[in-house]
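Atoms considered below: every heavy atom in the structure, side chains included; atoms not considered: hydrogens, waters and symmetry mates.
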Amino acid sequence: MKIRHLYELKSPLYIVVFIIVLFLFWNTSAESFASLLITEFMASNGSIILDQSGKLNDWIEIHNTSSQPIDISGYFISDKLDDPLKWQIPEGYHQETIIPDGGFIVLIADGKPDHGPLHLDFELSKTGESIILTEPDGDTTIDVVTFGPQWKDVSFGRSTTNPETWVFYLSPSPGNLNQGAKTASYWIAGLYLFYKSYRELFLTFFAFLIILTYISIRLFQVLKKLRQVEEKQTSLIQAVPEIILQLDHKGQVEWLNQPGIGFFGENTLGKDCRELFKTAISSVSIEDIIQNQNFGSSLSDAHFITEFPSHKDEFQKIIDWSSSPCLLQGSKKGILLVGRDITQQQYNEKRIKDSEKNYRDLFEKTPIGILKVDVSGEILDINQHMLEILGATHKEEILHTNLANLFVPEQPFFNDDYKQLIKNQVISKDGEYTSRWEKKFWLQYKIFPIFDELGKLKEMIITGENVTAKKEAEDKLQYISLHDSLTGLYNRPFFEEELKRLNTERQHPLSVIIGDVNGLKILNDTFGHLEGDQLLKKTAEILQKCCRQEDIISRWGGDEYAIILPQTDRETAIQICDRIRNECQMQENNLIPISISLGVSTKSLPIQDFKKIIIDAEENMYQEKLIESDHYRRKMLSTFINNLKPKTWHSTDLCRLCLWFGMVLNLPYSEEELMYLADLHDLGKINMDIDFLSQAGPLNEDGWKKIKKHPEIGYRIAQAIHQISTIADTIWAHHERWDGTGYPRGLSKENIPLLARIMAIADAYDAMRCGRPYQSPLTKEEAINELLHYSGSQFDPNLVSLFIKHCPIITSEEMSSN
């Protein structure tokens, strides 16, 4: 339809439109022709660009200078001026053949067009030729470049400042604007390429020239200074502190320096060195040095020490000599002796050795154990005291072993506290250890770090002291401060501190038991405090047995105990009290029955005052003590009677004799008193050994002293127990005699209590009739005769008469059977 409308236009208008279109087409073509330029190429590519197959080939760069993309497919390119249409860029590869506006495209001149649309069928010649770019119509030439010989890896391209000028680019840039080092001179480009290819050789040569120049300058300077050195050599030798002697082959001094003159004197030159050394003590004879100088002997290049006698108050001089051949133009012309004064050095070494000896003596004999170990724990040294601490016998079995091997494995001695040591901090510790020699001890030790010159930890010094005795003393003091020394239980201060600690809601209900030992005063007053202490110890054992491990048992006072029961209600506390009472009743073979009055109180609520709890427990204890006191005393009397029977051998007739004799005499005493008197008049023997009481033969002096004390002991016991306090005087006097020769007080006649005089007759008659382990029994008649025999001396004569008068009644078989 559009074409039809075009043809319908009038002829003049059609012609104008045609001319405009033709002009536009021509203008576009002209623009494309002028927009394509050959800007750079390389005719000898050695390393600049690779094609798709990884090969190095010649290349041609074309630049689109327009503002529109141009497709170069169909364009002709040739390296022959007489054949500009040699190769046409194939069509149909628009993505590869389009040059973007202002962009570049690189054509590969490798003669292998089958490798791609940008590969040409010709190669460029590095000796020079032409490149022609022609429009697809085959008539219009776009660009022509004619070039001469080319260098390898140097491109030839248009100058960016003047596109009409072609220059060599030393740094080719295919596909980009030409830039970098450039030159219009063919030979400068070649020189640069030569430098680039042989740069190392070039630099080496250049460096050689510089070094050669430097050596020449330095050689001149050295030669100049050499003259100065030669001038100063003599003065320098004179200035050295060593003694220098130059000897000829005969041993005469040819030359010596100033220290040599100062040592040997002004007239030394020309003297024989044998004369100089004649008073010296030398490790090597100077004669041997001279004689062996020309024979290649070891003495011709020797080292020896001489000691010269001292002058005035100086030390003897010790010179360390070294001898060497004196050479002149390669031949030996004598001996050169160089001596160094080592007098001070020898003195210092001696002092060091003395110091080392003193250190070793101090190390070995110090009363502190010392170990020296390295950072890995290897033992480098150990002194005798540390061996004794460990229980080891020989140092050799410890040296070079590890520190950990000194102790049992489960008790490591040192736990790698290197952080403290690195900070130069001294570590102080103590602990209980067991050595591998099975010696157990408490060790108090310190670890001191030793650093090397670079400040790195090198070694450690460990000092240790066996503080077992000190530790045991501290533990004992600690134990004493918290425990009662007699019973081993906790003391009252500890109890009070524990009371504060446990007085928390978490421990509620918290119960307290206060206990008071019964009969302690009687035991102390009558048998002594040793027996009282035994009662307290036994009571403590009972409390420990009946209480739990978590309970706190303490001695509250003299005869009082206190127990804290954490997390224990009142019912459980009462059960523990019952357990204690039952255990006390089960005890046997005691002087008095073991009994303790107990009071319980419990804190169940935080608001309760604990002081009030303690007071309530004490009041409960005292209340029980009052209730049980009479019962306990009767139980004590029963215990006394049972314990006395095996020791006194009283028969049951003695009690009957006392009762009937009292009736006959109409005595103002109750039957109970007379019965207690019959059973307990020897109460003082309660603590005596039965073997002592039953021994035959006369008693020695100590035995009599012991026997004579039992009336007084019995009196004190009876005084303390109100049930028998009325017969206390009788017990005290029952061994008194009518004539005053009895004991313990030597009373006589009516000064002796009546009941005591009666008891003496009844006890004697019963003993004679029943016998004793050391005496056979007598008949009634024999016993009466004995009473009559001692009437008026041992016994009250009136009472003896009355006893014999009524004896048939008192001792009749009928009465005995009743």
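Residues Arg555 and Leu536 meet the side-chain proximity criterion, which asks for heavy atoms closer than 4.5 Å. Using a 4.5 Å cut-off on side-chain heavy atoms (C-beta onward), Gln587 and Glu583 make contact. Counting only heavy atoms from C-beta outward, the side chains of Glu560 and Met621 approach each other to under 4.5 Å. Looking at heavy atoms from C-beta onward, Lys470 lies out of side-chain contact with Glu465 at the 4.5 angstrom threshold. A heavy-atom distance below 4.5 Å is found between the side chains of Ile319 and Phe263. Looking at heavy atoms from C-beta onward, Leu543 lies in side-chain contact with Ile563 at the 4.5 angstrom threshold. In this structure, Leu502 and Ile552 have side chains that are in contact, with non-hydrogen atoms separated by less than 4.5 Å. Looking at Thr539 and Leu520, their side chains never come closer than 4.5 Å, going by heavy atoms from C-beta outward.
Not counting sequence neighbours, the partners of Gln534 by the side-chain contact (heavy atoms from CB on, under 4.5 Å) test are Lys537. The side-chain contact (heavy atoms from CB on, under 4.5 Å) search around Phe448 returns Val426, Lys446, Ile461, Thr463, not counting sequence neighbours. The salt bridge (Lys or Arg N to Asp or Glu O under 4.0 Å) check on Lys456 picks up nothing, with sequence neighbours excluded. Remark: Lys625 engages Asp516 in a salt bridge (Lys or Arg N to Asp or Glu O under 4.0 Å) (not counting sequence neighbours). Residues meeting the salt bridge (Lys or Arg N to Asp or Glu O under 4.0 Å) test with Arg492, sequence neighbours left out: Glu496.
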Worked verdict on Arg579 versus Ile576 for side chain to side chain contact (heavy atoms under 4.5 Å, CB included): CA-CA 5 Å; Arg579 192 157 61 234; Ile576 293 174; 3.4 Å; yes

Verdict with supporting geometry, Lys603 and Asn503, side chain to side chain contact (heavy atoms under 4.5 Å, CB included): CA-CA 9 Å; Lys603 181 177 181 180; Asn503 189 17; 2.8 Å; yes

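Residues Ile553 and Gln544 come closest through the heavy atom pair CD1-CA, 3.8 Å. Contact detail for Ile305 and Ile342: the closest heavy-atom pair is CD1-CD1, 4.3 Å. Contact record, Thr306 with Phe308: OG1-CE1, 3.1 Å, taken as the closest heavy-atom pair. Here the closest heavy-atom approach between residue Ile286 and residue Leu337 is recorded as CD1-CD1, 4.1 Å. Contact detail for Cys584 and Ile596: the closest heavy-atom pair is SG-CG2, 4.1 Å.
By the 30° and 60° cut-offs, the orientation of the rings of Phe494 relative to His483 is parallel. Note: Phe264 and Phe277 have tilted aromatic rings, judged against thresholds of 30 and 60 degrees for the angle between ring planes.
Other residues, nucleotides and ligands contribute over 12 non-hydrogen atoms within 6.0 Å of the NZ atom of Lys439. Surrounding CZ of Phe304 are more than 12 heavy atoms belonging to other residues, nucleotides or ligands, all under 6.0 Å away.
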Side-chain polar contacts of residues 384-393 - donor-acceptor pairs under 3.5 angstrom, sequence neighbours left out - could you list them?
residue	atom	partner	partner atom	Å
His385	NE2	Pro367	O	2.9
Thr393	OG1	Glu397	OE2	3.3

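We find that Glu712 and Arg716 are joined by a salt bridge, their nearest charged nitrogen and carboxylate oxygen being less than 4.0 Å apart.
Remark: the backbone N or O of Thr568 is paired with a side-chain donor or acceptor of Ser511 at under 3.5 angstrom.
Side-chain contact, Asp569 with Thr602: no donor N or O sits under 3.5 Å from an acceptor N or O. In the model, Gln575 has no side-chain atom that pairs as donor or acceptor with a side-chain atom of Glu571 under 3.5 Å. A donor-acceptor pair shorter than 3.5 Å can be found between the side chains of Gln344 and Asn348.
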